[in-house]
Engineer: 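Provided herewith is a single structure, encoded as structure tokens, for subsequent inquiry.
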Amino acid sequence: MEIYAKVIINNNSSYTDNFFTYKIPNHLLDEVEIGHRILVPFGRSNKPIEAFVFDITNEKGEYDTKEIMDVLDQEPILRKSDINLIKWMKEEYICTFIEAIECICPKGFRVDTYKVIKLINDDAKELNEKERNLLNQIRKAKGSITLSKLKSKFDYSIDSIIKKMNQNNIIDIVWESKSIKNEKYIYTVKLNIPNEQIDDVIENLNKKRSFKQAQVMSFLRNNQNMAISDLIEALNVNRASIKSLEEKKFIKIEKINYYRKPTISYKVDKKDIILNEEQIYAVNLLKNSIYKEDKKPFLLHGVTGSGKTEIYLEIIDEMLRNGKDSIVLVPEISLTPQTIARFKNRFNDTIAVFHSKLSKGERHDEYRRVKEGNVKIVIGARSAIFAPCNNLGIVIIDEFHESSYKSDVSPKYNTIEVAKRLCKETNSILLLGSATPPIEEYYKCETGQYSKIELKNRANKNQMPEIQVVDMKEELNIGNKSIFSRALFDEISENLRNGNQTILFLNRRGYASFVSCRKCAYLFKCSNCDISLTYHKNTHSGKCHYCGYEVNIPKECPSCNSLYLKEFGIGTEKIQEEVKKYFPDARILRMDKDTTAKKGSHEDILNKFKNKEADILIGTQMISKGLDFPYVTLVGILSADMILNFPDFKSSEKTFQIISQVSGRAGRADLSGKVILQSYDVDHYSIQYAKNHDYKGFYNEEIKIRKIFNYKPFNSLMSIVVTGKNEKNVIKNIQKIYDGIVYLLRKRGIEDFEFILGPNPCPISKINMNYRWQILLKDLNIEIKLLKGIIKYICVQKRDAFLDSDINISIDTDPDSIL
DNA sequence: AGCACGCCGACT
DNA sequence: GTCGGCGTGCTC
């Protein structure tokens, strides 16, 4: 019986985004398995191309089949669960198979293909001069040479000559390929002769004037298993000498795997942690569910400082004891050496770390360490959810409300949804931890989709910090125009006197949010994006925080030549200046994207602050993540309104989250903390509930509003964004998409299209010279599967035929914001 | 996508 | 004739 494989071709075209059937030749029958990366001949020229086996069957299908050429890896690269995950992702996020596969397979596996010219008839007659020259070059290369090499030997084009000689059966043109795995090996050298013979060999070598080789031999006598590279460096010999020794069988060269170890060194004090009652209860709950069938995800709701990490460590330990793997996801910005050290202190080097700063090779090494079962714990940012664990036991997603868990490139997956899917597939525990769970996720505890675990107390029994809300309108009324309220000013002074530390939080970096002319209202805008430029005083320039565009701010208005240019709004740089002005003796650190651009500067700043080398830390979001500063007793939130006034349905939630997270930085150790929260809208419910540390209260209020306005979780939203350099074309294409959706819905008897908003320009209508238009699908009363199917048909399956190639389509099936 | 083929105009 | 530029169509 003939056996066939259904494969996905690694070719990012919508036309090839479906299964292709290849025959498995007899000699590969035992080797090819589902999930294998294989090589298949593709297209008219049978170019070798990488493909992934999704199914093995005896059904031939309606097409003629070609044979699989080769199997590229020993072990299948995709597991059964991966294949199911890929199929699910393709449907869920409307992407191609290959896009989903690329999430799971590390880059670094690659197949290089090239054409090779081979001589098949050496005594051809009646050749002209050019043909003879060509033939001679091929002869020089022993009858076989790559096309590109051959081309480089001539200063004129040889395409037609090759074609003609191929037709005349003088040469053959074949595709060849090389599999590149981006694996690094070390070659080590050791002696291959008994010790007694060494002296003789050295003597002989010296006689033949092979001094270098003799030197190597005598060196190896005392240093077995040297890496070749070290040997070459130590003795200043060349590779040829070593190779010659190998050929004479005096030495043996061995190839061993080498894992590039990402170097992160950071130590935290190892202290024994005794869990409190709440924590013990939580850990037991988790432990008891390990071998339960049909697990519900756990939502771990614990106030800041309630010791969620200790629970993670404890349950991971239990997993290790059960021989199971753990994946711990933390937000990218929290993936600091400090965080990693906490895990390494407990589990030593049995941890693989995935983060965005790893090189391709390093990432690949970490991937292999996991795949080969050498590590049982994976810690990383969102993409670590795809780590190739062999026996997954638990996925922990810390701070799971963080927006970085949502992918911003296609496929725009939501890590939590992927994790749910993965855990279901592998019967693993999913643990979602946060002090401020997203409203729509907390709602799932009420509907019974999640089991809730609550930690109500801080682990060190400290009180939550007192939050004092200051009305900035009132400050203005009494003539205080500074950015510090009287209360905040007093508290900072007091804190400085007592030698305690202060954190000041503001959600915007730079000096001022924008620069404009007071005479003609000219506004400095990015020339690539539809965004006003943020003023940076130290460089005296306007920077675009989207594309990095930077321009000098002149003295004169470019429009009316007046001198009335002025900056408006505040950023961290301005705060720093103001603090310097009012507290000239204070030692200040600033942490934002500008001061942490250099590698390692992030840690530098945090270490300095931790070591009390500064009194005040000014920062953006960056400072709000899981950092422990024992001497911080005061946190100032300079303007809570900046987030609140964002025109988005999640802005209240985000305000509550940020206030809670930032406040949590105050009073972590033995000192009690205080928070001053400045706002113009002090009565807003998100501020009031945050002030009282009342998540439940906030949730109850917010869920009502979500219900009234039909927002998440009561309804779903989808967005289609078309971007491109040519605005007319962008509009034309998004209109086509709109028309297509309407047309296909009409065919199914749907006549009410009010739920389709747009096409409209995106709120930020241009980024990086790309115009952006969107269609929003809201209040979806129609079946979501039908709609997804239609969008998939138009934007993926028929994309190349139906839409222009110079536009980009981005589909988000569950956007977190409508911006 | 990426490749090959084929049609056409330009050039020795 | 023949070179190469680009448009077209297909990929198990």
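The sequence lines fix the lettering, A, B, ..., with proteins before strands; numbering per chain opens at 1.
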Engineer: Rounded to the nearest angstrom, tell me the gap between atom CD1 in A:Ile162 and atom P in C:dG4.
Structural biologist: 12 Å

Engineer: What's the separation between atom CG in A:Leu744 and atom CG in A:Leu786, rounded to the nearest 0.5 Å?
Structural biologist: 9.0 Å

Engineer: With rounding to the nearest 0.5 angstrom, report the CE to CG distance, A:Met69 to A:Leu39.
Structural biologist: 5.0 Å

Engineer: What distance do A:Leu329 atom CG and A:Thr415 atom OG1 have between them, rounded to the nearest 0.5 Å?
Structural biologist: 7.0 Å

Engineer: Taking the six-membered ring for Trp, are A:Phe20 and A:Phe42 closer than 6.0 Å centroid to centroid?
Structural biologist: yes

Engineer: For a quick check of understanding: with a heavy-atom distance under 4.0 Å over all strands, which category does A:Asn12 fall into, base, sugar-phosphate or nothing?
Structural biologist: sugar-phosphate

Engineer: Using a cut-off of strictly less than 4.0 Å between a heavy atom of the residue and any atom of DNA chain C, enumerate the qualifying residues of residues 21-33 of chain A by number.
Structural biologist: A:Thr21, A:Tyr22

Engineer: Shortest non-hydrogen contact from A:Val378 to A:Val370?
Structural biologist: CG2-CG2, 3.8 Å

Engineer: Output the rounded distance in Å from CG (A:Asn18) to P (C:dT11).
Structural biologist: 11 Å

Engineer: Between atom CD of A:Glu402 and atom CD1 of A:Ile397, what is the distance when rounded to the nearest 0.5 Å?
Structural biologist: 12.5 Å

Engineer: Scan A:Tyr4 against the nucleic acid and name what it touches under 4.0 Å (heavy atoms): base, sugar-phosphate only, or nothing.
Structural biologist: nothing

Engineer: In residues 154-161 of chain A, what residues come within less than 4.0 Å of DNA chain C, judged by heavy atoms?
Structural biologist: A:Ser157, A:Ser160

Engineer: Look at A:Arg79 together with A:Glu425 and state whether they make a salt bridge at an N to O cut-off of under 4.0 Å.
Structural biologist: no

Engineer: If I take atom CZ from residue A:Arg363 and atom NE2 from residue A:His355, how far apart are they, to the nearest 0.5 angstrom?
Structural biologist: 8.5 Å

Engineer: Output the rounded distance in Å from CZ (A:Phe97) to C1' (B:dA1).
Structural biologist: 17 Å

Engineer: Expressed in angstrom and rounded to an integer, what is the separation of A:Asp804 atom CG from B:dA1 atom P?
Structural biologist: 12 Å

Engineer: Atom CG of A:Asn11 to atom P of C:dG9: distance rounded to whole Å?
Structural biologist: 19 Å

Engineer: Is the NZ or CZ atom of A:Lys6 positioned over A:Phe54's six-membered ring, under 6.0 angstrom from the centre and within 45° of the axis?
Structural biologist: no

Engineer: To the nearest 0.5 Å, what is the distance between CD1 (A:Ile34) and CD1 (A:Ile56)?
Structural biologist: 5.0 Å

Engineer: Hey, are A:Lys412 and A:Asp816 close enough for a salt bridge, meaning a charged N less than 4.0 Å from a carboxylate O?
Structural biologist: no

Engineer: CD1 of A:Ile9 versus C1' of B:dG2: gap in Å, rounded?
Structural biologist: 13 Å

Engineer: For a quick test of reading the model, state the closest non-hydrogen atom pair linking A:Pro76 to A:Glu33 and the distance between them.
Structural biologist: CG-OE1, 3.8 Å

Engineer: Quick one: A:Tyr114 OH to B:dG2 P, roughly how many Å, whole number?
Structural biologist: 19 Å

Engineer: Nucleotide by nucleotide, 5' to 3', does protein get under 4.0 Å of the base (B), only the sugar-phosphate (S), or neither (-) in nucleotides 4-12 of chain B, counting heavy atoms?
Structural biologist: BS-------

Engineer: Kindly point out which of B:dA1, C:dC12, B:dG2 is positioned nearest to the side chain of A:Lys47?
Structural biologist: B:dG2

Engineer: Check the distance between C:dC12's C1' and A:Ile49's CD1 and give it to me in whole angstrom.
Structural biologist: 12 Å

Engineer: Reading DNA chain C from 5' onward, which residue's closest nucleotide shows up sooner: A:Thr65 or A:Lys164?
Structural biologist: A:Lys164

